[in-house]
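Okay, structure first, notes after.
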Number of protein chains: 4
Amino acid sequence: MADGSATLKTATGAGGVAAERLRSFIERVERLEEEKAAIAGDIKEVYAEAKGEGYDTKILRQVIRLRKMDRAERQEQEALLELYLSALGEA
Amino acid sequence: MADGSATLKTATGAGGVAAERLRSFIERVERLEEEKAAIAGDIKEVYAEAKGEGYDTKILRQVIRLRKMDRAERQEQEALLELYLSALGEA
Amino acid sequence: MADGSATLKTATGAGGVAAERLRSFIERVERLEEEKAAIAGDIKEVYAEAKGEGYDTKILRQVIRLRKMDRAERQEQEALLELYLSALGEA
Amino acid sequence: MADGSATLKTATGAGGVAAERLRSFIERVERLEEEKAAIAGDIKEVYAEAKGEGYDTKILRQVIRLRKMDRAERQEQEALLELYLSALGEA
DNA sequence: CGGCGCTACGTCCGTC
DNA sequence: GACGGACGTAGCGCCG
């Protein structure tokens with residue numbers, strides 16, 4: 001049982017504790033994916049509601065995408081700023 | 001011009017109430033998308049944790065995908081059954 | 001500038017050979033897309049023919065989808081088995 | 001068996017000829033979908049080849065999409081022209 | 001015209 | 001660290 005294989009053995013071991021642990025991971029992921037799907041459903045509902053009031057969902061999606069890009073850019077710039085500041089701190 | 005255009009007017013009206021409503025929809029969607037992204041992050045963390053304990057995330061993902069397919073297929077079969085039944089109901 | 005940029009230059013070069021090559025790619029894709037569209041048309045025809053003989057195309061489609069899922073799932077399970085085996089091989 | 005149901009009966013009849021016919025439709029569609037998938041694969045290959053020579057596939061796709069739209073517009077205009085011509089013929 | 005299924009894009013993971 | 005491949009998701013088109 002040199003090394004390397006020890007972890008794998010634990011992970012793939014057929015019986016006992018590892019199987020429980022494995023099951024736990026799988027169920028946690030599945031639970032989270034359910035939640036994610038639920039949120040996605042909520043988003044659809046919002047769009048449906050907006051559409052019901054005469055808004056063009058296609059445009060709405062575009063607007064949201066643009067705002068998201070703006071935010072991403074802003075974050076990038078802030079990250080760059082931090083980088084500069086830390087570089088100056090080191091200088 | 002009594003109604004018909006009313007909805008459109010409300011939706012596309014440049015000023016006042018409609019703008020508020022529009023803003024509301026957009027912010028609701030954006031909020032939900034943040035939540036969704038957060039969940040996605042949680043999922044990533046679970047995989048990372050599992051990986052840290054020696055589990056092969058590739059296998060994990062495939063297991064989860066398979067279980068999901070099972071579920072989907074079961075639903076499809078039930079839907080198919082219903083279709084058959086309703087088709088027979090028309091006979 | 002020996003190479004490195006050579007590929008890019010070839011690809012984006014405005015004149016001469018590259019334009020010919022570009023044209024070739026585009027026409028090949030367009031030709032293939034035409035063929036694909038033709039096949040799609042054939043499929044539509046089959047459904048139309050079946051419908052003409054009293055078959056419910058909605059059910060037909062669902063049956064076909066289900067069979068496809070069966071096939072996909074079988075492949076996935078085989079892939080999963082292989083993964084397990086290769087993982088064990090490493091142990 | 002007044003009416004309406006006769007066709008359906010033929011289509012959904014459990015035994016004999018109808019089952020064969022049904023099988024035929026399904027297999028024809030499945031065969032065609034395989035062909036369609038094969039073509040799609042060919043298209044992917046062309047894009048891969050182009051990418052390998054330094055072309056930006058995203059741009060390529062845009063070009064193809066635009067050309068397709070142009071063709072559609074042209075056809076529409078030709079259809080309109082025909083309409084006018086036939087209208088004049090009737091006049 | 002609305003809903004559903006399919007295709008295509010963007011994103012993420014694993015590899016070199 | 002970058003590239004390529006795979007998956008999930010979002011937009012588009014067809015069917016009902």
Side-chain angles (χ1 to χ4, degrees), chain A residues 29 32-34 36-37 39-41 43-48 51-52 54 56-65 68-69 72, chain B residues 7 29 32-33 36-37 39-41 43-48 50-51 55-66 68-69 72 75-76 79-80 83 86-87, chain C residues 4 7 29 32-33 36-37 39-48 50-51 55-66 68-69 72 75-76 79 83 86, chain D residues 29 32-33 36-37 39-41 43-52 54 56-62 64-65 68-69 72:
Chain A
V29 170
L32 287 167
E33 289 196 342
E34 271 179 45
K36 190 152 74 84
I39 307 270
I43 292 174
K44 273 186 68 173
E45 280 180 35
V46 175
Y47 279 120
K51 187 174 191 174
D56 182 330
T57 60
K58 193 175 173 181
I59 307 289
L60 249 57
R61 287 174 193 274
Q62 271 187 7
V63 169
I64 286 165
R65 205 180 311 137
K68 190 176 185 179
M69 284 176 66
Chain B
T7 310
V29 170
L32 287 167
E33 288 197 340
K36 189 151 75 84
I39 307 270
I43 292 174
K44 274 183 68 172
E45 279 180 38
V46 175
Y47 279 120
K51 188 174 190 174
Y55 290 94
D56 183 331
T57 58
K58 192 173 173 183
I59 292 183
L60 248 57
R61 286 175 192 276
Q62 204 150 345
V63 169
I64 286 166
R65 202 179 319 133
L66 201 51
K68 192 176 183 177
M69 284 178 66
Q75 285 180 6
E76 285 265 308
L80 185 59
L83 272 179
S86 68
Chain C
T7 310
V29 170
L32 287 167
E33 288 197 341
K36 190 152 74 83
I39 307 270
D42 292 345
I43 292 173
K44 276 184 68 173
E45 281 180 36
V46 175
Y47 279 120
K51 188 173 190 174
Y55 291 93
D56 183 331
T57 60
K58 193 174 175 183
I59 293 183
L60 248 56
R61 287 174 192 275
Q62 204 151 346
V63 168
I64 286 166
R65 203 180 318 134
L66 202 50
K68 192 175 183 178
M69 284 179 67
Q75 285 180 7
E76 285 264 309
L83 271 180
S86 68
Chain D
V29 170
L32 287 167
E33 288 196 342
K36 190 153 74 85
I39 308 271
I43 292 174
K44 272 187 70 173
E45 280 180 37
V46 175
Y47 279 120
E49 190 182 343
K51 187 174 191 174
D56 183 331
T57 60
K58 191 176 173 182
I59 306 290
L60 249 56
R61 288 175 193 273
Q62 271 186 6
I64 287 165
R65 205 179 311 136
K68 191 176 184 179
M69 285 176 64

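Everything numeric here is computed off the predicted structure, so don't read it as measured data. All values below were derived from every heavy atom in this structure, side-chain atoms included, with hydrogens, water molecules and symmetry-related copies excluded. Within every chain, numbering begins at 1; the chains are lettered A, B, ... in the order of the sequence lines, protein sequences first and strands thereafter.
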Q | Partner set under salt bridge (Lys or Arg N to Asp or Glu O under 4.0 Å) for A:Glu33, not counting sequence neighbours | A | none
Q. For the pair made of CD in C:Gln75 and C1' in F:dA6, what is the distance, rounded to whole Å?
A. 15 Å
Q) Given atom CD of D:Glu45 and atom C1' of F:dG4, what is their separation to the nearest angstrom? A) 16 Å
Q | Any residue meeting side-chain contact (heavy atoms from CB on, under 4.5 Å) with B:Lys58, in chain and number order, not counting sequence neighbours | A | B:Asp56, C:Leu83
Q: To the nearest Å, give me how far apart CG (B:Asp56) and C1' (E:dT15) are.
A: 14 Å
Q) How far apart are the closest heavy atoms of B:Leu32 and A:Ile39, and which atoms are they? A) O-CG2, 3.3 Å
Q: Round to a whole Å and report the spacing from CD1 of A:Ile43 to C1' of F:dG11.
A: 15 Å
Q) D:Ile64 CD1 to F:dC12 P: how many Å, rounded? A) 18 Å
Q: Find which nucleotide of DNA chain E each of B:Thr57 and D:Ala40 is nearest to by heavy atoms, and output the residue with the more 5' nucleotide.
A: D:Ala40
Q.
Using a heavy-atom cut-off of 4.0 Å across all strands, would you classify D:Lys58 as base, sugar-phosphate, or nothing?
A. sugar-phosphate
Q. Under 4.0 Å: is that the gap between some side-chain N or O of A:Arg61 and OP1 or OP2 of F:dG11?
A. yes
Q. Which whole-number value in Å describes the distance from B:Ile59 CD1 to E:dC13 P?
A. 18 Å
Q: For B:Gln62 and C:Ala79, work out which heavy atoms get closest and say how close.
A: NE2-CB, 3.1 Å
Q. Taking all atoms of both residues into account, what is the closest heavy-atom pair of B:Tyr47 and B:Thr57, and its distance?
A. O-CG2, 3.6 Å
Q | Beyond-backbone contact of B:Leu80 with C:Val63, side-chain heavy atoms, under 4.5 angstrom | A | yes
Q) In whole Å, what is the span from the CG atom of A:Leu60 to the P atom of F:dG11? A) 11 Å
Q) Could you run down nucleotides 1-7 of chain E 5' to 3' and tag each one B, S or - for protein heavy-atom contact under 4.0 Å? A) ----S-S
